[in-house]
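Since we're looking at a predicted model, the values are computed, not measured. Numbered from 1 within each chain, the chains take letters A, B, ... in sequence-line order.
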Protein chains: 2
Amino acid sequence: MLKAAFREVKEIIRDRIVEGVWKPGELIPNEIDLAVEFGCARATVNRAVRELAEEGLVERRRKAGTRVLASPVRRAQFEIPIVRKEIESQGQIYRHAVVGQKVNKAPDWLRARMNLDIGALALHVTCVHYGDNNPYQFEDRWINLAALPHAADADFTKTGPNEWLIEAVPYSDAEISFSATAADKELASYLDCAVGDPLFLAERSTWWRGDAITYVRMTFQRGHRMTTKY
Amino acid sequence: MLKAAFREVKEIIRDRIVEGVWKPGELIPNEIDLAVEFGCARATVNRAVRELAEEGLVERRRKAGTRVLASPVRRAQFEIPIVRKEIESQGQIYRHAVVGQKVNKAPDWLRARMNLDIGALALHVTCVHYGDNNPYQFEDRWINLAALPHAADADFTKTGPNEWLIEAVPYSDAEISFSATAADKELASYLDCAVGDPLFLAERSTWWRGDAITYVRMTFQRGHRMTTKY
DNA sequence: TAGTGGTCTAGACCACCAC
DNA sequence: TGGTGGTCTAGACCACTAT
C-alpha cells in the first residue's frame, strides 16, 4: 500500500469537491455509503472526512450530514519561532543587545491590557536583535512581576528575554497581532532606518491560567515580510 | 462522560508536560503503557498523542518513541476570509468600487513571479472595498488570462474579483505574505490617508496544478490589525 | 424519532528504525 | 531484529438534531 487508505480516500473526496462533482452547498454521501464505495471501514472514511472538515473544506453535523462549504474557510498557518532561530535559519549570525531594563509601575495602558492591579510592578526590557550585525528586530517587552517575581533579577545579556521566558514559564493562552507602524526616533535609531519608515509590527500577550505573563512589541527591520504557503 | 476520552487523555498529558512531569527532551511512556494507565484502548491514546504531535508539543518516531520537544513549535493560524465577509462580520455595510480594469501585457516582474511566457496577457483589476462607506482595503489584482481566458469579459461591479475567482476556479496552492508599506499617492487617495502613512499589506499568489491563476496586493486602511489567539 | 456523525474497543498487521 | 508508532477493521454505543 503506497499511501495510507485514509489519505487516498481523503484525496479522492477532495478532488471530487474541487472538480465540482460535489458542489458547494451540497451534501456528500454519508460515511457508511462512502465506506462501501471505497471498500474500507467506516472509521477510515471518518478520519478522511474529519480532516477535510478541519481544513475547512466541508462542514459536518450529526443527522444533517456532511456539506461542501460554499466559500471554503482558508487558513494560513505561521510558525512563531524564537528570533534567534529565525535569524540562524537564514544562515546569519545572531546576537542581541539589551538596551534597557528597569522595574516600573505598570502604566495604565498596560494595566488595562494585562488586567493588573493599580500600582502593580512590571519589568520593562528593551533589546535589539541582530543578524550578521544588522538590526533585525527591536523587542520592547513588559513582564508582570506579580506572576514572575524572579524576572527582576534575571540577566538577559546571555539569553534574551524571549528565550528566558520560554524556559521560565509555560503559557496557556497567547494572542498575537500584526500591523504596520511608522518608525519613531527611537525605532529609527535602533533599526537603522529613517523616521517615518513603515515597519512591520508584531504584538503578543501571553497568559498562564488567567494571569498575564508578558506583553511584547516586536518591530522588524524595514522590508520585513512574513510568508507562508497554504 | 463529559468529555471524549481522548480529549481527557490529551489534557492530562499536556498538563504533565507543561507542569514538567515529563521534561523537554524526555521520552514519555509508550502507547500501550499509557492505555493501561488510563484504562482505555491504545487507539484512544494514539489519537490524543497524535494531536499533541500535530500541535507541535511532542515528536513521535517509530521505535524511538514519543519525545517532549524542547522548544515547542508555536503556530498561529489565521483565517483568510473574503473581504466582504470580513467587513460584514464587523457589522458594517459592504460595498466595493472597481476603479480600473484593463488587459495588459504582463510586466516583467509579474512574469517572473507567475512564471508567464513573454508577451503573455494579464487582466489588471483594481478596486476599493468599503465598510460603512469608509475605505477598508485597496485591491490590486492581476489575473493570468492564459489560465482564465473568460476573466477578460467578467463584470466585477456586482461581484468583486476575489469572490468571482473563488467561484470560477479552485486553487491547489497559495502563498501569502504580510508586510508594511508606505502609502503612495494612489493609495493615499483611495484609502483616504496621507502619503507616507504606514499601511498593512497582504500579497497572495495562487496556483492551480502548476499554472498561476492570480496575484493580488491587498493594502489595508491605516491602523488595520490582524489578530489571532493560539 | 430516526439518521448521521462522534467515539471507543480489542485485536490485528505493518513500517520504520534504533539498537 | 524487536519495540514502537501507524493504520485498519468490525462492531458497538452514544450524542446531537433535522424532520
Below 3.5 Å between N/O atoms, which protein atoms pair up with nucleotides 9-12 of chain C? Just atom names and distances, please.
unit_1, atom_1, unit_2, atom_2, d
C:dT9, OP2, B:Ala41, N, 2.8
C:dT9, OP2, B:Thr44, OG1, 2.5
C:dA12, N6, B:Arg42, NH1, 3.2

Please tabulate the protein-to-nucleotide N/O contacts below 3.5 Å involving nucleotides 1-4 of chain D, giving atom names and distances.
unit_1, atom_1, unit_2, atom_2, d
D:dT4, OP2, B:Asn30, ND2, 3.2
D:dT4, O2, B:Lys63, N, 3.2

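The interatomic distance linking A:Glu59 (CD) with C:dT4 (C1') rounds to 14 Å, in whole Å. Here C:dT7 presents its C1' atom at 14 Å from NZ of B:Lys10, a figure rounded to the nearest Å. One interatomic measurement links the two molecules: CD of B:Glu51 to C1' of D:dG6, which rounds to 15 Å at whole-angstrom precision. Computed from coordinates, the B:Arg47 CZ to D:dC8 P distance equals 14 Å when rounded to whole Å. Summarising the geometry, the separation between CZ on A:Phe6 and C1' on C:dC14 is reported as 15 Å, rounded to the nearest angstrom. When the C1' atom of D:dG5 is taken as reference, atom CG of B:Leu52 falls 15 Å away, rounded to whole Å.
Looking at heavy-atom distances under 4.0 Å, B:Arg7 makes contact with sugar-phosphate atoms alone, never a base.
For the OP1/OP2 pair of C:dG5 and a distance below 4.0 Å, the side-chain nitrogens and oxygens of A:Arg50 include no atom meeting the criterion. The side chain of A:Asn46 contributes an N or O atom lying less than 4.0 Å from OP1 or OP2 of C:dG6.
The ring pair (Phe, Tyr, Trp, His ring centres under 6.0 Å) analysis of residues 65-89 of chain A, with sequence neighbours excluded, yields the pairs A:Phe78-B:Phe78, A:Phe78-B:Phe178. Residue pairs meeting the salt bridge (charged side-chain N to carboxylate O under 4.0 Å, His left out) criterion with at least one member in residues 82-96 of chain A, sequence neighbours excluded, are A:Arg84-A:Glu88, A:Arg84-A:Glu163.
Remark: A:Asp15 engages B:Arg209 in a salt bridge (charged side-chain N to carboxylate O under 4.0 Å, His left out) (not counting sequence neighbours).
Listed here is the closest heavy atom pair of A:Val21 and A:Glu26: O-OE1, 4.2 Å.
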Writing each nucleotide of DNA chain C 5' to 3' as (, ), [, ], | or . by Watson-Crick or G-U pairing under 3.5 Å yields ||||||||||||||||||.
